[in-house]
Number of protein chains: 2
Amino acid sequence: MTIENISQAKVFGGWHKQYTHESQSLNCSMRFAIYLPPSATPATPVPVVYWLSGLTCTDENFMQKAGAFRAAAELGIAIVAPDTSPRGEDVADDENYDLGKGAGFYLNATQAPWNTHYRMYDYIVDELPALIEANFPVSSRKSISGHSMGGHGALTIGLKNSDRYRSISAFSPISNPMQCPWGQKAFAAYLGKSVESWKAYDASELLKQHMAKLPMLVDQGDADNFLHEQLKPETLVHAAQLHNSDLTLRMQPGYDHSYYFISSFIEEHLRFHAKYLLA
Amino acid sequence: MTIENISQAKVFGGWHKQYTHESQSLNCSMRFAIYLPPSATPATPVPVVYWLSGLTCTDENFMQKAGAFRAAAELGIAIVAPDTSPRGEDVADDENYDLGKGAGFYLNATQAPWNTHYRMYDYIVDELPALIEANFPVSSRKSISGHSMGGHGALTIGLKNSDRYRSISAFSPISNPMQCPWGQKAFAAYLGKSVESWKAYDASELLKQHMAKLPMLVDQGDADNFLHEQLKPETLVHAAQLHNSDLTLRMQPGYDHSYYFISSFIEEHLRFHAKYLLA
């Protein structure tokens, strides 16, 4: 449970810090970032929003580009941004951006060569929160959010662990990965050809099975180049309706898939989570 | 005066757009970015804040990392971010980050090999505003701001062109380049060995000569690694006091030289400029 601080910068009265640590789940060295609002002290621990990033990202994309810290500082919420896959020279990879490093898809791989390192599900659900709660002035209250592949991660992890999180949100999530090229490629590689095993990592499939126990907010730009082929939010909405799950999907006219979109609405997502984290 | 749009993204109801054009001042193709708030229309043109970035930057650093658009959208102010030097294969360069490409220092070079392209002063003062005002729904009201080398640029250009701008601000500016390693290296290369010619591009020297006609706001982090060797804000303050120039320097405890610092205070800078731009 040792972590090593490698950078820190004051921002909106709080601190952005990066750390490295040896991950047991992933069997490699990992980097993560945390934003601690000015109100976070051992005597006044703050809740945490976990942010899962999309394909090709590291811990840095959200922290540098989302413009989330003003609202997080005001609300008194910490934000943790992990990396998107295991890292290191001995970690299996693919020449394309949508498989291997930077494309862990927040699942536990069962297939070689991926299954020696690619256990991002365990890392996000168990190892990282334990590490965060042992090392920083935060409470065990947490919510989860993410973008694109990370929106898929936030939805599936939140739906499968409703006892651990208070609320779920996503920007432009891969809502039905079993039915889109990104998801089919990744699931076939990481999980094998048995499509039945894929359902545990598909937000639309999870919503078809049960009513979600957590509130969900999803924002999707209607000028997003990936909307129709890869993201399919309408499938998520239909699945949520089957059991009256509490999902709000907002189609945002004119917005694309970029961090310019995320930055425009991240404050609303943090305020949504704050309703449940600070209640 | 032809410009070519190469990207656009909706953000906070307005638009971030990048363009390329052939610069006459710089004798090369240049890229710039503009943020247009939602209120900008031909019938309701908005004022402009020009943002000058620091060493190694392009038009993208500020636009992606400063988190400036929420306030700009609310205030109804456009932001223009030029590149920091001429670009292209035939443009003279240096192997170090602090001279040549990415390090134009917002001056007109007089020395070979720099004098064929490095005329960033003319580009920022004349060519770019003319281009912006001819192509976008903006008024001729403008202010100028920047960071580090760009803070030096904002101060010197604003002080020398008080009829063109309404207000000046800077983050962590190189306040007295004649007396610091970055400035001495750049000025010797671009302007030659005659130190007298350097004074026209040194904010502290300009403030020693005359009272500034424009209000100036400067923020400086006291945990900035470059503070004592390169930035020297105390020299700027002393020079401003000689003729009662309207300079506010705020030392910000714990902040460093990064965009995390800029993002924490950019809204206050935009509100400072709005007082003069929207009066």
Side-chain angles (χ1 to χ4, degrees), chain A residues 7-18 33-38 57 59-74 79 81 171-172 219-227 250-271, chain B residues 7-18 33-38 57 59-74 79 81 171-172 219-227 250-271:
Chain A
S7 84
Q8 64 171 24
K10 194 172 179 181
V11 53
F12 281 100
W15 290 91
H16 172 269
K17 300 186 179 193
Q18 289 177 297
I34 186 168
Y35 177 68
L36 288 165
C57 290
D59 64 295
E60 293 189 333
N61 303 67
F62 178 85
M63 294 303 205
Q64 294 180 352
K65 295 182 177 180
F69 302 140
R70 190 185 59 85
E74 179 200 321
I79 302 174
F171 291 83
S172 333
D219 272 318
Q220 172 65 56
D222 77 359
D224 185 329
N225 286 336
F226 301 112
L227 175 54
R250 309 190 303 187
M251 293 301 294
Q252 301 287 3
Y255 288 90
D256 67 11
H257 200 66
S258 73
Y259 268 89
Y260 291 120
F261 168 48
I262 296 170
S263 71
S264 301
F265 297 101
I266 189 66
E267 178 174 353
E268 294 180 24
H269 282 238
L270 291 175
R271 292 190 185 282
Chain B
S7 85
Q8 63 170 26
K10 194 172 178 180
V11 54
F12 281 100
W15 290 90
H16 172 269
K17 301 186 179 194
Q18 289 177 297
I34 185 168
Y35 177 68
L36 287 166
C57 289
D59 65 294
E60 293 189 333
N61 303 67
F62 178 85
M63 294 304 205
Q64 293 179 352
K65 296 183 176 178
F69 302 141
R70 189 185 60 85
E74 179 201 321
I79 302 174
F171 291 83
S172 332
D219 272 318
Q220 173 64 56
D222 76 1
D224 185 328
N225 286 336
F226 302 111
L227 175 55
R250 309 190 304 186
M251 293 301 294
Q252 301 286 3
Y255 287 91
D256 67 11
H257 200 67
S258 73
Y259 268 90
Y260 291 120
F261 168 49
I262 296 170
S263 71
S264 301
F265 298 100
I266 188 65
E267 178 174 352
E268 293 179 24
H269 282 236
L270 290 175
R271 291 190 186 282

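Residue numbers begin at 1 in each chain, while the letters A, B, ... track the order of the sequences. From a predicted model like this one, the values you see are computed outputs, not experimental measurements.
- With a 4.5 Å cut-off on non-hydrogen atoms, Q252(B) does not touch chain A at all.
- S263(A) touches chain B through backbone and side chain together, each having a heavy atom under 4.5 Å away.
- Taking S258(B), G67(B), A73(B), G254(B) one by one and counting their heavy-atom pairs under 4.5 Å with chain A, the maximum is reached by G254(B).
- The ring pair (Phe, Tyr, Trp, His ring centres under 6.0 Å) check on H257(B) picks up H147(B), F226(B), with sequence neighbours excluded.
- Y259(B) does not touch chain A: none of its heavy atoms, backbone or side chain, sits under 4.5 Å away.
- The side-chain contact (heavy atoms from CB on, under 4.5 Å) test applied to E268(A) returns R250(A), F265(A), not counting sequence neighbours.
- Taking a cutoff of 4.0 Å between a charged side-chain nitrogen and a carboxylate oxygen, E60(B) and K65(A) do not qualify as a salt bridge.
- Note on M63(B), K10(B), E267(B): by heavy-atom pairs under 4.5 Å with chain A, the leading option is K10(B).
- Separating the CD atom in Q220(B) from the CZ atom in F171(B) is a distance of 11.0 Å, to the nearest 0.5 Å.
- F261(A) places none of its side-chain heavy atoms less than 4.5 Å from the side chain of D224(A).
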